[in-house]
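Take a look at the structure set out below.
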2 protein chains.
Amino acid sequence: MKNPLGMAVLGLLLESPLHPHAMAATLRERGMDRAFKVTTGSLYDVVRALMREGWIEARETVKVGARPERTIYQLTAAGQEEFTRWVDRLVREPQAEFPKFLSAVSYLGALGPAGAVEALRERAERLRASTEEVRREHLSALQQVPRLFVIEVEYAERMAEAELGWVEEIIGEIESGELGWPE
Amino acid sequence: MKNPLGMAVLGLLLESPLHPHAMAATLRERGMDRAFKVTTGSLYDVVRALMREGWIEARETVKVGARPERTIYQLTAAGQEEFTRWVDRLVREPQAEFPKFLSAVSYLGALGPAGAVEALRERAERLRASTEEVRREHLSALQQVPRLFVIEVEYAERMAEAELGWVEEIIGEIESGELGWPE
DNA sequence: CTCCGATCGCTCGGTTCCGAGTATTTGATG
DNA sequence: CATCAAATACTCGGAACCGAGCGATCGGAG
């Protein structure tokens, strides 16, 4: 049980029992698919794993018309505890992450000064566009729910700003020649 | 071919032909295992995939004593091109990433104000310790190689600082009551 | 010279991931 | 009322991932 989507499922079931499809729909509605990778295949795997661990249980299986059955799951007492432990652990312990940009920057030299500037500029542009959109949605979300419920967006925005700042700075240093280009 | 480890392999082979085990060793020596997830199993899978794509080729298979054979791989012309394209693409196009902390922050509310502060404090502490260590290694690396070759560490440090700053700020806002705790 | 731990180099196979596919129903449109 | 896109709900199997394990060699301590 390492997939954070499992945590998201527990978090949702804390509110009310749901069937997997509804979980995915709810996560997307609330924009939580920015924080959790919500893919249908993984979702059903994760739900099965949560069952194995005894953190959730099937409540009923409903059949409406000739559609596929919906199995509705609910949290167990163990699942409630686990949810809190899970959140706590992930907040407490920084995990080694491997963002793709970090990999790419390791080989920035391969692009040559001009190529690097060009590519970084485009990244900066895209970064500005997407944070602009996030900010807009964030603002409108704040009209409807308390700040604590969308606090992760503040974190995401802050990190995006930091990245953008760094990218712009490096562009400047390449252009000014301050960042030497050996070999 | 999505695994960034493939890009790392191409990057290494740009310098000289190597066998997989040597690739892993080199990546670790240079501290690149902070930017790439280097696991032996995946490495051999990735090398096979690069072969399939025609970006690398087996150069020779050497047998020393009764040890397992070492197959030495080298870059093809197509592989060289692909390497640059790969770096360029990852620099240009921000990818949706799902850091675990972002997931956890989405459910920060579950910890309650006191629990959240406690957990965030510990994270801050660990963050400070690990960045301190990275900074030390970075400084000593700079004595030996040009800045461009370890530029990714500057990025990592910047991002770590941003995260730490945010965490400390939120701790403050929880304690001051500025961040309300509904429900 | 004989252990023993470290290093060398790779394979194996169980898990996890995940998108394409399937099959139905609902709702809107002309 | 016929049609078609969107929503409903899940299954399936190939691909990717990755750590434990394996069998050998080397270097040094006693």
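Numbered from 1 within each chain, the chains take letters A, B, ... in sequence-line order.
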Taking only N and O in the side chain of A:Lys37, is any of them less than 4.0 Å away from OP1 or OP2 of C:dC18?
-> yes

Atom CD of B:Glu29 and atom P of C:dC8 are separated, to the nearest Å, by 9 Å

Worked verdict on A:Glu133 versus A:Arg128 for salt bridge (charged side-chain N to carboxylate O under 4.0 Å, His left out) = CA-CA 9 Å; A:Glu133 201 195 319; A:Arg128 271 187 289 266; over 6 Å; no

Base, sugar-phosphate alone, or nothing: which one does A:Thr71 contact when heavy atoms must sit under 4.0 Å apart?
-> sugar-phosphate

Of the nucleotides D:dA16, D:dC10, C:dC17, which one has an atom closest to the side chain of A:Ser42?
-> C:dC17

Spacing of A:Leu43 atom CG relative to C:dC17 atom P, expressed in whole Å | 12 Å

How close do B:Ser103 and A:Phe36 get, heavy atom to heavy atom, and via which atoms?
-> CB-CE2, 3.4 Å

Rounded to whole angstrom units, what separation is found between the CE atom of B:Met1 and the P atom of D:dA16?
-> 7 Å

Value in whole Å for how far the P atom of C:dC18 lies from CZ of A:Phe36 = 15 Å

Check the side chains of A:Thr39 and A:Ser42 for a donor-acceptor pair under 3.5 angstrom, ignoring hydrogens and angles.
-> yes

Closest nucleotide of DNA chain C for A:Thr40 versus for B:Asp45: which of these residues is on the 5' side?
-> B:Asp45

Shortest side-chain distance from A:Tyr44, nucleotide among C:dC10, D:dC10, C:dC18 | D:dC10

Is the phosphate of D:dA24, meaning OP1 or OP2, less than 4.0 Å from a side-chain N or O of B:Arg70?
-> no

Could you tell me the separation between the CG atom of A:Leu27 and the P atom of D:dA9, rounded to a whole number of Å?
-> 15 Å

Ignoring hydrogens and angles, state whether a donor on the side chain of B:Tyr107 or A:Glu152 is under 3.5 Å from an acceptor on the partner side chain.
-> no

Could you tell me whether B:Arg59 sits above the aromatic face of B:Tyr73, with NZ or CZ closer than 6.0 angstrom to the six-membered ring centre and within 45 degrees of the axis?
-> no

Scan A:Thr39 against the nucleic acid and name what it touches under 4.0 Å (heavy atoms): base, sugar-phosphate only, or nothing.
-> sugar-phosphate

Roughly, in whole Å, what's the span from CZ in A:Arg48 to P in C:dT15?
-> 13 Å

Give B:Arg28 one of three labels, base, sugar-phosphate or nothing, depending on what nucleic acid heavy atoms sit under 4.0 Å from its own.
-> nothing

To the nearest Å, give me how far apart CG (A:Asp33) and P (C:dC18) are.
-> 14 Å

Indicate whether OP1 or OP2 belonging to D:dA16 is found under 4.0 Å from a side-chain N or O atom of B:Asn3.
-> no

Rounding to a whole Å, what distance do you find between A:Glu69:CD and D:dT11:C1'?
-> 13 Å

Can you check whether A:His21 has a side-chain N or O nearer than 4.0 Å to OP1 or OP2 of D:dA7?
-> no

Toward the 5' end of DNA chain C, which comes first, A:Ala49 or B:Lys2, by nearest nucleotide?
-> A:Ala49

